[in-house]
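Note sheet for the following structure.
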Amino acid sequence: MRLSRYFLPILKENPKEAEIVSHRLMLRAGMIRQQSAGIYAWLPLGVRVLDKIQKIVEEEQKRAGAVQLLMPTIQSADLWRESGRYEAYGKEMLRITDRHEREMLYGPTNEEMITDIFRSYVRSYKDLPLNLFHVQWKFRDEVRPRFGVMRGREFLMKDAYSFDVDQERARHAYNRMFVAYLRTFKRMGLTAIPMKADTGPIGGDLSHEFIVLASTGESEVFLDKDILALETPSEATDFDGDLSEIITSWTTPYAATDEMHDEAAFGQVAEDKKVSARGIEVGHIFYFGTKYSDAMGAKVATGEGSEVPVHMGSYGIGVSRLLGALIEANHDDDGIIWPDSVAPFHVGLINMKPGSETDSACEELYAKLEAGGVEVLYDDRDTRAGAKFASMDLIGLPYQIVVGPRGLKSGEVEVKNRRTGEKEMMTPEAALSKLVSVFAD
RNA sequence: CGGGGCAUAGCGCAGCCUGGUAGCGCAUCUGGUUUGGGACCAGAGGGUCGCAAGUUCGAAUCUUGCUGCCCCGACCA
């Protein structure tokens, strides 16, 4: 993409409404624009990152055996009356009346709807297990939206719902999502730690929050350092096989948010392994049994011929929130530092002097990088060098290639690693093969 | 929902107390000089001063009501 033809409204000054760093940087980097409290327009650069995150989430859901569908944002109040949540949900639910005076709502989540879809078609244990997911915009009318996309009212969320014939099998469905989550966050370059979460009235140990460590995180967390050293399950993991060993290894070291913190248990952790840090919740998984299937009559026939309500679980990932979490965990004074897998572009190509001999060198590199599968944002604007460097650092592409008359004299360009700040002079050919090898799939 | 604050050009702000032709910096446009880490000079364009009522000869400024947004807390993915 040529910057001269792109839409990248960068702000030089800090918007006063943005208090935390991710919000500030997203506004400054031209990724989002607030349209209303907690509601944002996604500008081109923001959409690119959002899409990449969504894609990783979808791939890992499918790998774990979940099947993608897409449910609407607007739902009927009747469905929610069946579960009793229409009355229970409160003002957080945005209620809408259509032209026929029918009560509708903008969905804050989809348990009722997915249960309705399930009960309409599935009758037998032979159709189980089943895990259906979608990635869709949700709306929760938060009293006080804040922190930009981290706590918006409208947000993009992946929610998956598992259906099993009994609790034992539901646990396996839960484990599959647990492993999928470990892989998903890891692929985004995040350290997300599963922490035991409050299960509410259902009880049991089947609820975990996935927390990303970031010094600017909203909640306090306590953990045993050992959990940071655990290996993320590989791509080759057999999701139909026994996953309990993986789950055990990830749930044994102490890790808890302040709400679930147990000072006595934490006391058992060796002094030099105790870590207290801050974190951001990016995912939440839980098993809730037959809460909705009972209320809504979602039953399947068992092998013995009787009918039982299905055991369900639901599994959320805050896709739009992840942008904020990623930036909180990856930035410096100059701007964002995207992990390779979610960067809006892989490389920023800076033409130091448009209209000179740098043009042809840039054009050639641009074409060859793109042909090699590298996503390039080519800064071909006729502006000062300083402004280009500052913009590139701000938007945080993993690599920058600087093509200037000075370097070209000796047949070289500069390749800068945004994260390390390391700069290296090399021939355009060497830069090309280096970056193609980093980013080619 | 309790407490606090803000609303003046695209962004950041001054002016308001003490009413009298709406200003500054950045950004934008034009011309020139510059050109490897957010240049300089000269000029130009751009504002129903959040909305509505009131007081007044006259309101960005005073009064009342409303709306929007931000921060702290409670709540939440």
Side-chain angles (χ1 to χ4, degrees), chain A residues 9-20 23-24 27-28 30 33-39 57 89-93 107-110 135-160 181 192 197-198 200 207-212 217-219 257 259 279-286 314-325 333-335 350-356 358 379 381-395 400-409 412-414 416 421 423 425:
Chain A
I10 280 176
L11 305 178
K12 207 163 153 183
E13 286 170 279
N14 280 323
K16 66 168 176 179
E17 74 268 20
E19 205 72 357
I20 65 161
H23 189 194
R24 202 161 60 223
L27 289 168
R28 286 199 52 209
R33 174 181 161 78
Q34 179 167 322
Q35 294 301 140
S36 189
I39 300 177
V57 170
Y89 218 91
K91 289 193 161 184
E92 275 210 339
M93 186 188 295
T109 176
N110 287 70
V135 179
Q136 178 62 290
W137 293 91
K138 307 288 193 292
F139 195 91
R140 291 185 193 171
D141 200 359
E142 297 281 347
V143 201
R144 191 185 155 207
R146 63 186 119 171
F147 306 146
V149 299
M150 296 239 288
R151 179 82 180 275
R153 292 196 291 172
E154 188 183 54
F155 57 97
L156 188 62
M157 179 167 125
K158 184 284 298 181
D159 40 327
Y181 276 36
D198 194 358
S207 180
H208 287 87
E209 289 179 357
F210 285 74
I211 306 278
V212 167
E218 0 148 52
S219 50
T257 59
E259 298 101 50
I280 301 161
E281 182 183 348
V282 290
H284 195 162
I285 61 179
F286 54 97
S314 79
Y315 315 90
I317 289 180
V319 175
S320 50
R321 164 179 270 207
L322 270 165
L323 282 266
D333 289 345
D334 296 323
I350 296 178
N351 186 343
M352 292 294 288
K353 195 174 181 186
S356 77
T358 56
D379 191 346
R381 297 172 306 166
D382 187 16
T383 55
R384 302 179 66 80
K388 295 187 180 189
F389 290 134
S391 296
M392 279 301 176
D393 286 347
L394 175 63
I395 67 174
Q400 296 168 16
I401 301 179
V402 182
V403 180
R406 196 187 287 173
L408 277 190
K409 279 204 185 90
E412 289 182 317
V413 298
E414 180 188 286
K416 174 179 163 182
K423 296 173 187 170
M425 295 302 294

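Within every chain, numbering begins at 1; the chains are lettered A, B, ... in the order of the sequence lines, protein sequences first and strands thereafter.
Comparing atom distances between the A:Asp393 side chain and each of B:C13, B:G37, B:A74 picks out B:G37 as nearest. Checking B:G36, B:C26, B:A77 against the side-chain heavy atoms of A:Glu13 singles out B:C26 as nearest. Between B:G36, B:C71, B:C69, one nucleotide has an atom nearer to the side chain of A:Pro405 than all others, and that is B:G36.
Nucleic acid contact for A:Lys158: none, since no nucleic acid atom lies under 4.0 Å from a heavy atom of the residue. When heavy atoms are screened at a 4.0 angstrom cut-off, A:Glu414 is found touching base atoms of the nucleic acid. Contacts of A:Gly152 with the nucleic acid, taken as non-hydrogen atoms under 4.0 Å apart, include base atoms.
Note on A:Lys353 versus A:Asp382: no salt bridge recorded, every NZ/NE/NH1/NH2 to OD/OE distance being 4.0 Å or above.
Mapped onto RNA chain B by nearest heavy atom, A:Ser320 and A:Asn14 fall at different nucleotides, with A:Asn14 at the one closer to the 5' end.
In the model, A:Ser207 has a side-chain atom that pairs as donor or acceptor with a side-chain atom of A:His284 under 3.5 Å.
Taking 3.5 Å as the limit, the base of B:G37 and the side chain of A:Lys423 contain a donor-acceptor pair of atoms between them. Judged by distance alone, with hydrogens and angles left aside, A:Arg144 brings no side-chain donor or acceptor close enough to the base of B:C1 to form a pair under 3.5 Å. The base of B:G38 lies close enough to the side chain of A:Arg28 for a donor and an acceptor atom to sit less than 3.5 Å apart.
To the nearest angstrom, P of B:G73 lies 8 Å from CZ of A:Phe147.
Stacking between A:Phe155 and the base of B:A77 is present: ring centres sit under 5.5 Å apart and the planes differ by under 30 degrees.
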